[in-house]
Participant: 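Mind looking over this structure? Questions follow.
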Amino acid sequence: MKIDIISVVPDLLQGPFAHSIMKRAIDKGLLEINLVNLRDHTTYARAQVDDYQFGGGAGMVMMIEPLVNAIESLQKTTVYDEVIFLTPDGDTFNQSMANQFSMKNNLLLICGHYKGIDQRVRDHFITREVSIGDYVLSGGELAAAVLVDAIGRLIPGVLNDETSALTDSFQDNLLAPPVYTRPEKFRDWQVPTILMSGNHAKIDQWRMEQSLQRTKERRPDLLEDDEA
Ligand code: 6GU
């Protein structure tokens, strides 16, 4: 899968993919990340990419020409399955969206800044608008990093058996059960004995019960709606 990301601060995104599972996905050739600096696509003086909004009001707006130049120049060599704008007024990202995006070949992510981007870009180029939650970030970059991580780890071959996504929280609308490792007893705190029993049917049943109980307590909303 290839993910291209348009940003005015592409350096912000150098760190998140240079380590751990994302790095391995890239090194294995399963994931390609291409950072595109919006300022390389403006024809305005001093690499300007934003301007005052028509009608007045505080805050700058990302101009249409640099964005369209960047998008169309990328589209010369890539057919995108989705052109995603990261914005706090988008659809809230969830595991189901991560699963769907992980099955695509080419994604283009566009990171918003300031008051947002000229609405005409949204009307004519964007196919999905995604938020990562109900709070405001100073730009879409951290949200883009969240999407890439959540999507990247689901690409077949990225995770090994130990890091398998099948037992993640949310994968079946349930939170994951508690986990334990050595030592079996620390101070007075004993690991649940069922986990030491070697009875895998019983262990699976215990984990399912724990998952259900945790979900009921912490996220009852997950048990109500099936697919968000
Ligand atoms: Cl995608 N962008 C910004 N700027 N703020 C956000 C967000 C995105 N998602 C939640 N807050």
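For the single chain, residues carry numbers from 1 onward in sequence order.
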Participant: Is any side-chain heavy atom of Ile64 closer than 4.5 Å to a side-chain heavy atom of Ile117?
Facilitator: no
Participant: With sequence neighbours left out, what residues match Asn69 under side chain to side chain donor-acceptor pair (under 3.5 Å)?
Facilitator: none
Participant: So, the side chain of Thr127 versus the backbone of Val83: is there a donor-acceptor pair under 3.5 Å, distance only?
Facilitator: yes
Participant: Name all residues meeting the salt bridge (charged side-chain N to carboxylate O under 4.0 Å, His left out) criterion together with Asp50; count only those two or more places apart in sequence or in a different chain, and write none if there are none.
Facilitator: none
Participant: How would you list, by chain and number, every residue that makes a side chain to side chain contact (heavy atoms under 4.5 Å, CB included) with Met103, sequence neighbours excluded?
Facilitator: none
Participant: Report yes if some heavy atom in the side chain of Ile84 is under 4.5 Å from a heavy atom in the side chain of Phe101; otherwise report no.
Facilitator: yes
Participant: Please check if the side chain of Thr42 supplies one atom and the backbone of Ala47 the other of a donor-acceptor pair under 3.5 Å.
Facilitator: no
Participant: Donor-acceptor pairs under 3.5 Å, side chain of residues 70-79 to any protein atom, not counting sequence neighbours: which ones?
Facilitator:
unit_1 : atom_1 : unit_2 : atom_2 : d
Thr77  : OG1    : Leu74  : O      : 3.4
Thr78  : OG1    : Lys2   : NZ     : 2.9

Participant: Return the minimal non-hydrogen interatomic distance between Met97 and Asp91, and the atom names on each side.
Facilitator: CE-O, 4.2 Å
Participant: Heavy-atom distance under 4.5 Å between the side chains of His113 and Val49, does that happen here?
Facilitator: no
Participant: Is it true that, when you exclude Asp89 itself, more than 12 heavy atoms of the residues, nucleotides or ligands shown sit nearer than 6.0 Å to its CG?
Facilitator: yes
Participant: Please list every donor-acceptor pair under 3.5 Å in which a side-chain atom of residues 198-210 meets a protein atom from a residue at least two apart or in another chain.
Facilitator:
unit_1 : atom_1 : unit_2 : atom_2 : d
Asn199 : OD1    : Ala201 : N      : 3.3
Asn199 : OD1    : Lys202 : N      : 3.1
Gln205 : NE2    : Glu209 : OE2    : 3.0

Participant: Scan the side chains in residues 55-63 for donor-acceptor partners under 3.5 Å anywhere in the protein, sequence neighbours excluded, and list what turns up.
Facilitator:
none

Participant: Hey, quick one: are Leu175 and Leu195 part of the same hydrophobic cluster, counting side-chain heavy atoms closer than 4.5 Å, chains of contacts allowed?
Facilitator: no
Participant: Do Val146 and Val136 belong to the same hydrophobic cluster, where Ile, Leu, Val, Met, Phe, Trp and Tyr are linked whenever their side-chain heavy atoms lie under 4.5 Å apart, directly or via other members?
Facilitator: no
Participant: So Phe170 and Arg219, side-chain contact (heavy atoms from CB on, under 4.5 Å) or not? Walk me through it.
Facilitator: CA-CA 10 Å; Phe170 301 111; Arg219 294 294 307 277; 3.8 Å; yes
Participant: Is it possible for you to say whether Leu38 and Tyr44 belong to one hydrophobic cluster, with membership spreading through side-chain heavy-atom contacts below 4.5 Å?
Facilitator: no
Participant: Any side-chain heavy atom of Val148 sitting closer than 4.5 Å to one from Ile5?
Facilitator: yes
Participant: Looking only at non-hydrogen atoms, find the nearest pair between Ser131 and Thr87 and report the distance.
Facilitator: CB-O, 3.1 Å
Participant: Residues two or more places apart in sequence or in another chain: which of them pass ring-ring contact (aromatic ring centres under 6.0 Å, His included) with Phe186?
Facilitator: Trp189
Participant: Could you check if a side-chain atom of His41 sits within less than 4.5 angstrom of a side-chain atom of Ile6, using non-hydrogen atoms only?
Facilitator: no
Participant: Does Phe54 have more than 12 heavy atoms from other residues, nucleotides or ligands lying within 6.0 Å of its CZ?
Facilitator: no
Participant: For the residue pair Arg153 and Met22, what are the closest heavy atoms and their distance?
Facilitator: N-CE, 3.6 Å
Participant: Mind checking salt bridge (charged side-chain N to carboxylate O under 4.0 Å, His left out) for Arg214 and listing every partner two or more places apart, or none if nothing turns up?
Facilitator: none
Participant: Looking only at non-hydrogen atoms, find the nearest pair between Ile194 and Ser197 and report the distance.
Facilitator: O-OG, 2.7 Å
Participant: When hydrophobic residues are tied together by side-chain contacts of less than 4.5 Å, even through go-betweens, does Ile151 share a cluster with Leu154?
Facilitator: no
Participant: Does Tyr52 have any side chain to side chain donor-acceptor pair (under 3.5 Å) partners at least two apart in sequence or in another chain, and if so, which?
Facilitator: none
Participant: Excluding sequence neighbours, so at least two apart, what forms salt bridge (charged side-chain N to carboxylate O under 4.0 Å, His left out) with Asp149?
Facilitator: none
Participant: Is there a side-chain contact (heavy atoms from CB on, under 4.5 Å) between Leu137 and Leu86? Walk through the geometry before answering.
Facilitator: CA-CA 10 Å; Leu137 303 168; Leu86 283 314; over 6 Å; no
Participant: Could I get the full list of salt bridge (charged side-chain N to carboxylate O under 4.0 Å, His left out) partners for Lys23, not counting sequence neighbours?
Facilitator: Asp27
Participant: By side chain to side chain contact (heavy atoms under 4.5 Å, CB included), which residues pair with Asp81, not counting sequence neighbours?
Facilitator: Lys104, Asn105, Asn106
Participant: Ignoring hydrogens and angles, tell me if any N or O in the side chain of Lys115 forms a donor-acceptor pair with the backbone of Gln53 under 3.5 Å.
Facilitator: no
